[in-house]
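Here the structure is laid out as structure tokens; the discussion comes afterwards.
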Amino acid sequence: MPEENFFERVFDVVRQIPAGRVTSYGAVAQYLGSKGSSRVVGYAMGASVDAFPPVPAHRVVNRNGIVTGNLQQGNFKRRKQMLESEGIIMDDDAQIQNFKKLFWDPSVELKDS
DNA sequence: AGGGTGACGACTC
DNA sequence: AGAGTCGCCACCC
């Protein structure tokens, strides 16, 4: 069991997300064993700005495949562009198309290692 | 030691 | 179907 804080574990997982792929807060939380702590994952994302190396928080969206970012609208728009830059298509403005297809589940990709 | 906070998720009305 | 509410759990003050 890692002695790192929950946040660091979240960061580590998020950093392993391949470009052009996305995952959900809940999935990360579930992978970390705290399925119900999806909020904590989101909170960790907010703290990701303090983390180093930087965490691609833009690849983490909510369960709906919608890019959130209530923290700062500015970053929100910007992250959308980054996602598109990685080949991810957005529907309305924040809805990811083929979200299910692009979904990167840590509990599946990283499995139980 | 206690309370407030939060980039979610699922349930209920 | 849309909107509101509750719960969850770790971190910070």
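Quick note on labels: first sequence line is chain A, next is B, and so on, each numbered from 1.
When rounded to the nearest whole Å, the span between CG of A:N62 and P of C:dC8 equals 21 Å. When rounded to the nearest whole Å, the span between CD of A:Q30 and C1' of B:dG9 equals 12 Å. Following rounding to the nearest Å, A:I66 (CD1) and C:dG2 (P) show an atom-to-atom distance of 12 Å. Taking atom CG of residue A:L32 and atom P of nucleotide C:dC8, one finds them 19 Å apart after rounding to whole Å.
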Between the protein and nucleotides 9-13 of chain C, which nitrogen or oxygen pairs are less than 3.5 angstrom apart?
from   : atom 1 : to   : atom 2 : distance (Å)
C:dC11 : OP1    : A:F6 : N      : 3.0

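A:G26 comes within contact range of the sugar-phosphate backbone alone, with a heavy-atom separation under 4.0 Å but no base atom that close.
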In a table with atom names and distances, give each donor-acceptor pair under 3.5 Å that connects a side chain of residues 36-52 of chain A to protein atoms at least two apart or in another chain.
from  : atom 1 : to    : atom 2 : distance (Å)
A:S37 : OG     : A:S34 : O      : 2.5
A:S48 : OG     : A:M45 : O      : 2.4

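Ion pair A:E86/A:R21 not flagged as a salt bridge, since none of the NZ, NE, NH1 or NH2 atoms sits closer than 4.0 Å to an Asp/Glu carboxylate oxygen.
Between the side chain of A:Q16 and the backbone N or O of A:D12 there is at least one donor-acceptor pair closer than 3.5 Å.
Under the salt bridge (Lys or Arg N to Asp or Glu O under 4.0 Å) criterion, A:E8 pairs with no residue at all, not counting sequence neighbours.
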What's the verdict on side chain to side chain contact (heavy atoms under 4.5 Å, CB included) for A:F99 and A:V61, showing C-alpha distance, side-chain angles and the deciding distance?
CA-CA 10 Å; A:F99 171 63; A:V61 298; 3.5 Å; yes

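Heavy atoms of other residues, nucleotides or ligands lying less than 6.0 angstrom from CD of A:E84 number more than 12.
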